[in-house]
Protein chains: 2
Amino acid sequence: MAQVKNNYQFEDMLQKHNLKKTAPRLRVLSMMYSKNTATSQPDLESVMNDIDRVTLYRILNVFEEKGIIHKVFDLNGTANYAVCHSDCQENHHHDEHLHFNCTACKNVYCLNELNIPKLTLPAGFEPQAFTIYASGLCPKCSKKGTAKTN
Amino acid sequence: MAQVKNNYQFEDMLQKHNLKKTAPRLRVLSMMYSKNTATSQPDLESVMNDIDRVTLYRILNVFEEKGIIHKVFDLNGTANYAVCHSDCQENHHHDEHLHFNCTACKNVYCLNELNIPKLTLPAGFEPQAFTIYASGLCPKCSKKGTAKTN
DNA sequence: ATACAAATGCAACATTATTGTATTTAGAAA
DNA sequence: TTTCTAAATACAATAATGTTGCATTTGTAT
């Protein structure tokens, strides 16, 4: 489920990160916290179409720097943005979770719960971060496909 | 090491996929087979700067459709292209390997050898493909960083 | 209430990708 | 070899995405 927060909490978040409480920022926050999937850049732009495109880019950038959201590219290379779970810090993201890209509805899910197995790389490679992408059908779409009715 | 092939083999590859043997296609093939890393779209364009940009896009697209190369987005969302290993077929890629993106030299390595552990997703998710990204230092760059001299 | 830094809005521009069409070319057929 | 045709390339135009600089507005500390 989506993380439910009210406007006061969003204002607190901004204050905590030394960001001014502005209407565009609050709207972006509340939009992203109302969903349990990442939002694509095109979607964000069309939903927030009265906010200047450049402003939106800048809001997303500061939010990412501050560890409020993280950026993830879907299988088409399109930027998607999702709220970070609690333990992200400024300039140090803990987004080593699995990103699931549904091939039907195109939604990107962040599966935080999943623990990523440790991988051993060939000699010489010094990995610092991992991200796993899976594609296929999400619960909603797989249900549709196999359901007797509909 | 890079897979070494000569021009005759490239011509065979094209013929096998019912593609005409043209100079631009052969040049793209030989360029990509000469490297052991993926090539970014910007790099491709600057190296192949006398081939029309649109032609390059179309060549990359058919090669991908035919299973000759695969596209991988690096951590910045930039498209990178790499030759597929043997068992890729038309419209059915087997690129479930690990992509290693070096944070220093920006190169993307396809680590085919590595076997990907099976992951269990939350109920309802029906994964069809996995890709793992790792970022960090590649052998060349990690050596540079720790070397006494240089 | 004022002042100032920060944020927004706007204009211009850069890069990456797509579509349509005329021209050229590879390869098959005569 | 020459001719023919579908395929491939080149070129022009446009769309989508992302960036930079600067003037204006706004949040907030004083």
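Below, chains carry the letters A, B, ... as their sequence lines are ordered, and counting in each starts from 1. This one's a predicted model, so the numbers in the text were calculated from it and none came from an experiment.
Under 3.5 Å, the side chain of A:Arg58 and the base of C:dG9 form at least one donor-acceptor pair of N or O atoms. On a pure distance criterion of 3.5 Å, a polar donor-acceptor pair joins the side chain of B:Arg53 and the base of C:dA17.
Note on A:Thr55: a base of the nucleic acid sits closer than 4.0 angstrom, heavy atoms only. Residue A:Glu45 is out of contact with every strand shown, counting any heavy-atom pair closer than 4.0 Å.
Comparing C:dA17, C:dC10, D:dA7 by their nearest atom to the side chain of B:Ala79 picks out C:dA17. Distances were taken from every side-chain heavy atom of B:Pro24 (C-beta onward) to each of D:dT9, D:dC11, D:dA7; the shortest belongs to D:dT9.
Under the 3.5 Å distance criterion, with hydrogens and angles disregarded, no donor-acceptor pair is assigned to the side chains of B:Gln15 and B:Glu11. Side-chain atoms of B:Asp74 and B:Asn80 include a donor-acceptor pair closer than 3.5 Å.
Between A:His70 and A:His99, the ring planes lie tilted relative to each other; the angle falls in the 30° to 60° range.
Taking only side-chain nitrogens and oxygens, B:Thr22 comes nearer than 4.0 Å to OP1 or OP2 of D:dT9. Contact annotation: B:Thr78 side-chain N/O to C:dT16 OP1/OP2 distance is not under 4.0 Å.
The separation between B:Met48 atom CE and D:dA10 atom P is 13 Å, rounded to whole Å.
Remark on DNA chain C: of its neighbouring residues B:Ala23 and A:Ile51, the 5'-side contact belongs to A:Ile51, judged by nearest-heavy-atom nucleotide.
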